[in-house]
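Report on the following structure.
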Amino acid sequence: MQVFNAHQREVARRISAGADQGNWTDWRWHIRHSVRDVDTFERLAGIRLDAAHKARVAATVERFPMAVTPYYLSLIDGADYAGDPVFRQAFPSPRELDIGPHDMADPLHEDRDSPAPGITHRYPDRVLFHVSNLCSMYCRHCTRKRKVGDAEGVPSRRDLEAGLAYIRNTPAVRDVLLSGGDPLMLSDERLDWILGELGRIGHVEVVRIGTRMPVVLPCRVTDDLTAMLRTHHPLWLNTHFNHPRELTRSSRQALARLADAGIPLGNQSVLLAGVNDCPRIMRELVRKLVRARVRPYYLYQCDLSEGLTHFRTPVGKGMEIMESLRGHTSGLAVPTYVIDAPGGGGKIPVMPNYILSWGVNKIVLRNYEGVITTYDEPDAYQATECDRRCDACNLSLKTDDAEEWTAVGIEKLITDWDDTRSLTPRGNERLERRRHDH
Ligand SMILES: *Cc1c(COP(=O)(O)O)cnc(C)c1O
């Protein structure tokens, strides 16, 4: 049973005098009563803004709409809201209208890397499939702010069919990430249909769902939903907790239901100034996640989307956080810190340096405590020369299609069987000069 505490009862009553626990645990009730204007927000959260600030927030909402579930709003500490991490993620800041010189509507080029409706195909073997443009709550730090509240962007069944057809016709796709919007805004029936269609595609080996429902509307994780999801294994689910305060009893119950249904859980946090840019907060967050059977997966550097300038930290803050996690707490609790490359280059991991130097057959390392140590490399390592003929290899992989394997990027420089010696950016002046000299 989901929690319904005295404060939540009060919020529910302010929405409607007769509201009871049955309403509070009904996810559609929360969507119907999602808070979309400043006055209602003030009234429900029990806060008061001065008139000038309110006018600026109203102007912000014109550009970037607001929606907050009563549940998520109920987590705000009304007595001390200004620095409250839930308030900051839910309530518009006039600073969202400060668009910086480097900001872009679509920094990750998700729309340009879209070969079919709703599909972003960036990596060789996996695609993002945007199955819903709706969210129960509009995170103020959303990287897809350009699409938020865009009613025309709700994919029709025909759009979904077209996305499915692309996946069906693209054998390289072995991993499909359902994204959005929030895929759990769809009805159980619609989601069941999509998962069923994907399950029938032979080359699709795994499906992942990306959803913030366990954070912003945990009652969405009903017994019916988990009973349906568990029929579609192998299914993974990634959620989006940013602060330990969000791991309420209701959220932990939702996560337990999903984990009990055999769904491996991951978490993707975004590093946000004024919310979680603190090693202590992050350490508590990742520990609480692991306790709830959620593996911290990624920590994202905040994207260059428009409207996020006030949330961005220097990369050094993320490095400092990673430095304070690795070694200091369970490796299982340490996410990979990534910068999603502007222009669509994908996620690039960044981390502190642990290699200090390298000699012949000896590498010098430091650990999290600052201890400097050496690792002796083998003197007699017999490297297996790879010509991609696995049938003749002593490693006996017995793979018959290795010759079709082509190297990409840095891999070209490392493999034995690719002659590439260097990679040179297009338009290199020195090489242009050479060409003219000839
Ligand atoms: C993040 C992302 C993926 C998945 O990346 P993983 O590193 O496999 O989790 C796939 N496609 C796009 C466009 C992405 O942004």
Side-chain angles (χ1 to χ4, degrees), residues 104-133 135 139 141-148 153 155 159-160 162-164 166-183 194-195 198 201 203-212 214 234-242 258 263-271 286 289 294-305 308 318 322 332-351 408-411:
M104 293 166 269
D106 177 21
L108 309 179
H109 286 189
E110 290 184 323
D111 295 338
R112 268 183 255 185
D113 282 342
S114 179
I119 299 278
T120 302
H121 193 172
R122 164 158 314 146
Y123 296 105
D125 66 344
R126 53 212 189 276
V127 294
L128 275 192
F129 188 10
H130 304 267
V131 294
S132 156
N133 277 337
C135 280
C139 305
H141 56 278
C142 182
T143 187
R144 302 196 183 115
K145 255 177 131 79
R146 68 186 185 281
K147 295 195 166 171
V148 169
D159 289 337
L160 294 173
L164 287 166
Y166 177 81
I167 295 167
R168 215 174 273 124
N169 296 328
T170 313
V173 176
R174 39 163 294 287
D175 180 3
V176 176
L177 285 75
L178 300 186
S179 183
D182 196 315
I194 295 170
L195 291 169
L198 291 171
I201 302 174
H203 54 265
V204 172
E205 296 169 10
V206 285
V207 176
R208 308 188 232 172
I209 293 176
T211 174
R212 208 177 183 204
L235 180 67
W236 295 58
L237 188 144
N238 272 333
T239 186
H240 175 39
F241 287 89
N242 284 326
L258 292 163
I263 303 170
L265 302 175
N267 187 69
Q268 313 195 158
S269 296
V270 182
L271 182 55
V286 296
L289 284 167
V294 182
R295 170 85 156 97
Y297 180 48
Y298 282 137
L299 170 63
Y300 287 95
Q301 175 65 16
C302 187
D303 285 332
L304 295 176
S305 301
L308 308 186
M322 295 311 293
L332 199 59
V334 181
T336 305
Y337 177 39
V338 292
I339 301 180
D340 217 332
K347 299 174 184 72
I348 301 173
V350 281
M351 65 169 138
V408 172
I410 304 299
E411 197 186 11

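Note that ligands are numbered from 1 as they come in the structure, with each ligand's atoms numbered from 1 the same way. FYI, side chains are in, hydrogens and waters are out, and symmetry mates aren't considered; it's all heavy atoms of this structure. Since this is a predicted model, take the numbers as computed values, not measurements.
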>> Holding to side chain to side chain contact (heavy atoms under 4.5 Å, CB included), I want the full list of residues that pass it with Tyr297, two or more places apart in sequence or in another chain.
In response: Arg208, Asn238, Gln268
>> With a 4.0 Å cut-off on heavy atoms, is Arg208 in contact with ligand 1?
In response: yes
>> How about CG on Leu332, more than 12 heavy atoms from neighbouring residues, nucleotides or ligands closer than 6.0 Å, or not?
In response: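 More than 12 within 6.0 Å, yes.
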Once you restrict to heavy atoms under 4.0 Å, what part of [X] touches ligand 1? Side chain, backbone, both or neither.
X	value
Leu108	neither
Lys347	side chain
Gln268	neither

Could you find the nearest protein heavy atom to [atom] and give me its residue, atom name and distance?
atom	answer
atom 7 (O) of ligand 1	Tyr298 OH, 2.5 Å
atom 12 (C) of ligand 1	Leu128 CG, 3.6 Å
atom 4 (C) of ligand 1	Leu177 CD2, 3.6 Å
atom 6 (P) of ligand 1	Tyr297 OH, 3.5 Å
atom 8 (O) of ligand 1	Arg126 NE, 2.6 Å
atom 10 (C) of ligand 1	Tyr123 CD1, 3.5 Å

Mind checking whether [X] and [Y] have side chains closer than 4.5 Å, heavy atoms only?
X	Y	value
Val350	Met322	no
Leu265	Leu289	no
Val270	His240	yes

> Which atoms of ligand 1 are found less than 4.0 Å from any heavy atom of Thr120?
Replying inline: 13 (C)
>> Using the rule side-chain contact (heavy atoms from CB on, under 4.5 Å), only one of Val206, Leu195, Leu198 pairs with Leu235; which is it?
In response: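 When Val206, Leu195, Leu198 are each tested with Leu235, the side-chain contact (heavy atoms from CB on, under 4.5 Å) holds only for Leu195.
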>> Could you check whether Asp182 and Thr211, counting side-chain N and O atoms only, form a donor-acceptor pair closer than 3.5 Å?
In response: yes
> What residue among Lys147, Arg146, Arg112 forms salt bridge (Lys or Arg N to Asp or Glu O under 4.0 Å) with Asp106?
Replying inline: Arg146
